[in-house]
Amino acid sequence: MRVNVLARAPRALVLACTLAILGAAGTSAPGVTAKEYTIAIEDMRFVPATLTVRRGDRVTWINRDLVPHTATATAKTFDSSSIAPGGTWTYVATEPGTQAYACAFHPTMKGEVSIR
Amino acid sequence: MNFKQAASTLVLSMAVTVFAAQAEGPTDPQIAAIVVTANQVDIDAGKLATSKAQSKEVAAFAERMVVDHEGVNKAASELVTRLQVTPEPNATSQNLQQGGDENLAKLQQLDGHAFDRAYVEHEVAYHEAVLDAIDETLIPSAQNAELKALLVKVRPAFVAHLEHARQLRASLDQVGRLGQE
Ligand SMILES: [Cu+2]
């Protein structure tokens with residue numbers, strides 16, 4: 001038990017530092033707070049299919065269909081894995097650029113998130 | 001027209017006939033039975049294909065059919081229970097069941113690439129036929145607003161599955177041509 005705690009402490013510290021650095025880098029501008037965006041997965045489509053956000057913003061996919069879906073970036077920068085009907089998944093936009101994504105289950109479902 | 005084309009045209013015309021049989025239009029309890037049976041036969045075919053498919057893409061598609069059609073049937077069952085509608089077997093649902101049984105019997109005889117082709121070909125014909133039925137018979141005939149809304153809600157999944165099946169068929173054709181060279 002004690003060994004466990006000791007082993008975990010440095011890792012937690014590293015994680016905290018990493019998060020602090022990421023947090024600083026992810027903030028789009030001083031004094032600007034991160035925004036929340038929602039993409040509905042509905043009728044086998046991503047709505048809206050294209051979305052532009054700033055670094056550090058949070059994008060949440062909500063599955064309103066009766067079947068599971070995923071939001072999987074073509075470049076593998078993010079992957080929700082299966083989002084159950086009624087379920088959600090949130091991605092904090094970190095990778096700048098235009099991220100094309102698709103549903104790994106249904107190849108006809110495509111979307112794009114542009115991160116500035 | 002070669003044998004393969006003739007066979008698939010026959011499968012398709014049989015599937016379409018299944019739905020043309022009822023001139024009057026089904027009642028809500030009959031629609032409920034048609035929806036549940038339509039989903040169930042595709043779940044059964046999907047389960048067989050998950051274990052027998054040669055191509056990884058075909059196996060993944062089959063698994064998706066099982067998951068998605070189970071999702072649709074879960075919603076349909078919940079709705080009919082809530083509405084206290086008892087699904088009523090009818091000529092269309094029985095024909096669907098028979099078509100599904102015949103498809104399974106045929107698929108069980110096949111292996112490898114021939115299995116993949118036959119399964120995917122039938123999936124294209126099946127989703128085309130069910131979409132026609134949804135548009136021309138089931139949605140127009142549904143009396144209960146929630147039942148009608150459920151049919152409207154599930155329609156896009158059938159469209160996406162049909163497109164996916166067509167893409168698979170095209171890639172299997174490609175593999176078939178390469179194999180013959
Ligand atoms: Cu999907």
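As the structure is a prediction and not an experimental result, all values here were calculated from the model. To find a chain, count down the sequence lines: A is the first, B the second, and so on, and within it residues start at 1.
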Measure [X] against the heavy atoms of chain A and call it side chain, backbone, both or neither at under 4.5 Å.
X	answer
B:Val154	side chain
B:Leu150	side chain
B:His69	neither
B:Glu70	neither
B:Ala75	side chain

From CA spacing to verdict: ring-ring contact (aromatic ring centres under 6.0 Å, His included), B:His164, A:His106: CA-CA 7 Å; B:His164 192 171; A:His106 306 107; 7.4 Å; no
Do B:Thr137 and B:Pro26 come close enough that some side-chain heavy atom pair is under 4.5 Å? yes
Within the structure provided, determine whether B:His127 and B:Val159 are in side-chain contact (heavy-atom separation under 4.5 Å). no
Could you tell me whether A:Trp61 and A:Tyr101 have their ring centroids closer than 6.0 angstrom? yes
So which of A:Glu42, A:Arg45, A:Met44 has the biggest tally of heavy-atom pairs under 4.5 Å with chain B? A:Met44
Could you tell me whether B:Glu123 and B:Arg169 have a side-chain N and a carboxylate O separated by less than 4.0 Å? no
